[in-house]
2 protein chains.
Amino acid sequence: MSANTRFPVAIHILAFAAIYPGQCSSERIAESANTNPVVIRRLNGQLKKAGLLRIRNGAAGTELARPPEEITLKEVYSAVKTKESSHLFSTHQRPNPDCPVGGNILGAIREPLDAAQEAVELALDKYTIAGVVEIIRKGIKER
Amino acid sequence: MSANTRFPVAIHILAFAAIYPGQCSSERIAESANTNPVVIRRLNGQLKKAGLLRIRNGAAGTELARPPEEITLKEVYSAVKTKESSHLFSTHQRPNPDCPVGGNILGAIREPLDAAQEAVELALDKYTIAGVVEIIRKGIKER
DNA sequence: CAAAGTGTAACTATAATAGTTACAAAAGGG
DNA sequence: CCCTTTTGTAACTATTATAGTTACACTTTG
């Protein structure tokens with residue numbers, strides 16, 4: 001697969017940890033997200049480093065490091081983005097610097113691209129893991 | 001390459017057409033953007049279909065279809081996005097529907113992801129090709 | 001110390017993207 | 001009316017970010 005699913009899967013992990021505390025082995029989460037345990041562990045590592053998740057070896061001791069109301073989706077997004085995925089749009093690699101347009105295009109589009117990036121993060125900052133969990137719980141009840 | 005550079009290159013094309021009317025063969029633009037003429041022609045086709053560019057065969061007759069002040073970067077973005085690139089984040093393909101979390105996660109994250117998407121387009125709508133061209137022209141003068 | 005689970009390296013597989021070649025069709029100039 | 005230039009597009013290859021997988025040493029808990 002080539003699509004970047006890290007962000008949605010990371011939300012999945014945190015929501016799972018919120019709903020099933022003490023039952024969060026990478027294997028169980030992987031089953032829920034329909035992916036591979038190693039994929040979960042890799043994301044776990046990033047979420048741990050970002051201070052969102054607490055993980056204990058040897059036991060399925062994964063749990064949220066902070067209350068879900070305090071964890072915004074912006075933080076999750078930031079936690080799992082790589083250098084490549086960190087910009088919404090790649091600027092084309094090397095426009096010809098000898099051409100007046102090529103030599104100035106990158107500077108000319110930086111502001112709008114940065115603004116778009118900023119807008120995404122601002123939008124995501126308004127949502128929390130608690131909000132996601134709430135909707136999931138509502139869905140569970142309606143069965 | 002795997003990165004999506006269509007959006008930046010599309011802006012490049014339109015800016016080039018605004019600055020060098022009557023001299024816009026796909027070959028010249030490709031040289032400026034440091035890519036292949038066919039890549040330019042493919043994007044040209046999408047920009048033409050979106051009503052942003054007018055193209056004549058046989059002569060380098062590419063020109064803006066509308067005044068650059070009226071062409072927003074949102075329109076450009078919309079013109080060149082594919083089904084795959086149309087969503088900022090792919091939702092992970094098939095979370096396990098038998099798990100309460102897996103069965104409800106997609107519904108729970110749709111709203112924030114849509115909001116992020118909307119935020120990007122709103123941000124891009126504030127910028128125009130004319131604005132980009134202005135900055136390029138400023139850069140040219142400063143040599 | 002045994003069982004369960006994590007961390008991580010190393011590799012393969014997938015898929016979206018750009019790059020390239022080739023050529024028929026269109027337009028315009030002489 | 002033909003010749004040149006250029007576009008439109010198909011068909012293919014190359015690249016690369018990503019996920020998936022296997023394997024195993026290490027850690028924690030009971």
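Throughout, a chain's letter reflects where its sequence line sits, starting with A, and its residues are numbered from 1. Computed over heavy atoms, backbone and side chain alike; hydrogens, waters and symmetry mates excluded.
For B/Ser25, the listed nucleotide lying nearest its side chain is D/dT6; candidates were D/dT6, C/dT20, D/dA19. Side chain of A/Val38, nearest nucleotide from D/dT7, D/dT21, C/dT20: D/dT21. Here the side chain of A/Glu84 is nearest to one of D/dA19, D/dT18, C/dT20, namely D/dT18. With distances taken from any side-chain atom of A/Thr82 to the nucleotides D/dT18, D/dG8, C/dT6, the minimum falls on D/dT18. Of the candidate nucleotides C/dT6, D/dG20, D/dG8, D/dG20 has the atom nearest to the side chain of A/Val39. In this structure, the nucleotide among D/dG8, C/dG7, C/dG5 sitting nearest to the side chain of A/Ile55 is C/dG7. Across D/dT21, D/dT18, C/dA18, the shortest atom-to-atom separation from the side chain of A/Asn4 is found for D/dT18.
Ionic pairing of B/Arg41 and B/Glu27 is not present here: no N-O contact between side-chain nitrogen and carboxylate oxygen is shorter than 4.0 angstrom. Using a cutoff of 4.0 Å between basic side-chain nitrogens and carboxylate oxygens, B/Glu121 and B/Lys126 are not scored as salt-bridged. Taking the charged nitrogens against the carboxylate oxygens, A/Glu142 and A/Arg137 have no contact shorter than 4.0 Å, which rules out a salt bridge.
If you check every strand for non-hydrogen atoms under 4.0 Å, B/Arg6 touches sugar and phosphate atoms only. At the heavy-atom level, A/Lys83 lies nowhere under 4.0 Å from the strands shown.
Rounded to whole Å, atom P of D/dT9 lies 11 Å from atom CG of B/Asn44.
Remark: B/Ser26 is not in phosphate contact with D/dT6, judged by side-chain N or O atoms under 4.0 Å from OP1 or OP2. Listed pair A/Lys48 / C/dT6 fails the phosphate criterion, with no side-chain N or O lying under 4.0 Å from OP1 or OP2. A/Arg56 has a side-chain polar atom (N or O) that falls below the 4.0 Å cut-off from OP1 or OP2 of D/dT29. Listed pair A/Asn57 / C/dG5 fails the phosphate criterion, with no side-chain N or O lying under 4.0 Å from OP1 or OP2.
In this pair, B/Phe16 and B/His12 present their aromatic rings parallel. The plane angle is below 30°, not in the 30 to 60° band.
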